[in-house]
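Some notes on the structure that comes next.
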There are 2 protein chains.
Amino acid sequence: MLSLVHLKVLAAVARHGSVTEAAKQLHYSQPSVSHHLARLEAATGVKLVQRIGRGIRLTSEGQLLARRASEIVGRVDAATTELAAQVGLQSGRVRVAANASTAATIVPRAAAALAREHPGLELSLFERHPVDALAMLRHGEAEVAVVFRHARGGGVPLRPPR
Amino acid sequence: MLSLVHLKVLAAVARHGSVTEAAKQLHYSQPSVSHHLARLEAATGVKLVQRIGRGIRLTSEGQLLARRASEIVGRVDAATTELAAQVGLQSGRVRVAANASTAATIVPRAAAALAREHPGLELSLFERHPVDALAMLRHGEAEVAVVFRHARGGGVPLRPPR
DNA sequence: GTGGTTTACGAACGGCGTAATAATT
DNA sequence: AATTATTACGCCGTTCGTAAACCAC
């Protein structure tokens with residue numbers, strides 16, 4: 001089984017076209033990156049890079065694998081983020097600042113849905129004038145603000161809880 | 001960065017609902033799988049499994065991550081396969097057995113395209129009666145057979161070179 | 001006691017950096 | 001001489017298996 005680190009390194013080398021640059025971006029030493037490439041070649045049994053002049057170039061197979069590697073690494077990062085978000089939704093505080101009309105209409109419906117989906121959340125609703133609602137959001141006194149700015153088209157700034 | 005092995009183990013545990021079964025399917029020892037789960041929990045900081053009676057159960061976060069893990073591991077496997085196929089197309093031998101009518105019409109066009117895309121391939125064409133063409137395929141004397149079985153709807157058995 | 005999971009321990013491997021070497025401009 | 005990549009080496013963490021302990025039916 002390939003290693004994610006190997007794939008990440010290959011993707012970085014593909015992006016920057018150089019072992020040195022990839023190492024810098026990954027905060028690795030130059031030899032580490034070189035070694036990773038060698039190991040990845042050994043693991044796959046495929047030549048992935050070519051020395052060309054005093055730099056290197058990916059072979060066509062290297063380019064193919066690098067594209068897949070970017071995709072895969074992206075998914076891993078996304079899964080990590082998603083998991084963290086899921087945990088954040090299990091418990092925590094969500095303070096909603098809304099103006100009168102939204103606080104009476106769409107906010108209760110959204111609040112009910114949120115409470116149903118994530119019963120562990122502590123949910124508070126504050127009815128404020130739009131300007132004050134946004135101020136609460138800005139000052140960290142609320143996680144969510146719901147206001148109408150215009151008659152048509154609304155603004156719904158959203159920050160995840162913690 | 002999460003480890004692919006960890007993700008693979010989590011996916012296997014999710015599939016089989018048991019550390020023991022997952023270990024069997026992965027050809028690991030039982031303690032290894034247990035240890036992997038513990039490490040994955042440590043790495044993510046999230047409780048992923050619960051002891052329940054004398055078995056275990058994934059938490060909701062565990063189930064979420066397991067779904068993503070399956071997806072990711074699948075992509076890694078696909079990339080590996082794809083890379084191997086790409087290498088196979090760089091060099092090797094493709095022997096095509098075709099009956100007279102296809103050998104004169106669609107096969108040359110396909111052969112030209114293949115030769116253009118993958119110049120390293122050694123390409124041979126054999127014109128045979130349909131039955132003999134399929135026999136060559138079956139006996140490993142050809143990698144590809146192209147025959148018409150009926151007046152409408154053709155059969156194009158394909159095996160990748162090596 | 002049986003089936004299942006976890007903890008403990010030791011061996012082998014992998015991954016990292018620093019230092020030294022090679023190759024190209 | 002300067003820049004880039006590789007090889008050599010030592011350290012530490014990870015991963016594996018076996019053996020022992022733990023827990024629930």
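Just so we're on the same page: letters track the sequence lines, and every chain starts at 1. Hydrogens, waters and symmetry mates play no part in the numbers below; they use all other heavy atoms, side chains included.
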Does A:Arg15 have more than 12 heavy atoms from other residues, nucleotides or ligands lying within 6.0 Å of its CZ? yes
Want to settle it: does A:Arg51 or B:Arg54 sit nearer the 5' end of DNA chain C, counting the closest nucleotide to each? B:Arg54
Figure out the CD1/P separation between B:Ile56 and C:dT6, and round it to whole Å. 6 Å
Report the C-alpha separation of A:Met1 and B:Val73 in whole Å, then their side-chain angles, then the decisive distance to 0.1 Å, and conclude whether the side chain to side chain contact (heavy atoms under 4.5 Å, CB included) test is met. CA-CA 9 Å; A:Met1 173 78 95; B:Val73 169; 4.2 Å; yes
For the backbone of B:Ala12 and the side chain of B:His16, can you confirm whether one donor and one acceptor N or O come within less than 3.5 Å of each other? yes
Report yes or no: do A:Phe126 and A:Leu137 belong to one cluster of Ile/Leu/Val/Met/Phe/Trp/Tyr joined by side chain heavy-atom distances under 4.5 Å? no
Under 4.0 Å between a side-chain N/O of A:Ser34 and OP1 or OP2 of D:dA5, yes or no? no
What is the distance, to the nearest angstrom, from the CE atom on A:Met1 to the P atom on D:dT14? 19 Å
Kindly state which residues belonging to residues 11-26 of chain B come within less than 4.0 angstrom of DNA chain C, counting heavy atoms of the residue only, listed by number. B:Ser18, B:Val19, B:Thr20
Pairs in or reaching into residues 82-92 of chain A: which pass salt bridge (charged side-chain N to carboxylate O under 4.0 Å, His left out), with residues at least two apart or in two chains? A:Glu82-B:Arg68
Atom pair distance, as rounded to whole Å: NE2 in B:His27 and C1' in D:dT15: 18 Å
Evaluate salt bridge (Lys or Arg N to Asp or Glu O under 4.0 Å) for A:Arg67 paired with A:Glu71, printing each intermediate quantity in order. CA-CA 6 Å; A:Arg67 285 194 298 273; A:Glu71 164 73 18; over 6 Å; no
Nearest-Å distance for atom pair CG/C1', residues B:Leu4 and D:dT14: 15 Å
When rounded to whole Å, the CD to P distance for the pair A:Gln30 and C:dA23 reads 16 Å
What is the distance from CD of A:Gln50 to C1' of D:dT4, rounded to the nearest Å? 16 Å
Anything under 3.5 Å between a protein N or O and an N or O of nucleotides 8-15 of chain C, put it in a table, one pair a line.
{"from": "C:dG15", "atom 1": "OP2", "to": "A:Arg39", "atom 2": "NE", "distance (Å)": "3.3"}

Worked verdict on B:Thr102 versus B:Val147 for side chain to side chain contact (heavy atoms under 4.5 Å, CB included): CA-CA 7 Å; B:Thr102 61; B:Val147 297; over 6 Å; no
To the nearest 0.5 Å, atom CZ of B:Arg95 lies from atom CD of B:Glu141 at 7.5 Å
Spacing between B:Leu7 atom CG and D:dT15 atom P, to the nearest angstrom: 12 Å
5' priority, DNA chain D, between A:Gly55 and A:Ala38 [closest heavy atom]: A:Gly55
Chi angles and distances behind the side chain to side chain contact (heavy atoms under 4.5 Å, CB included) call for B:Leu4, B:Ile72: CA-CA 8 Å; B:Leu4 269 183; B:Ile72 289 164; 3.9 Å; yes
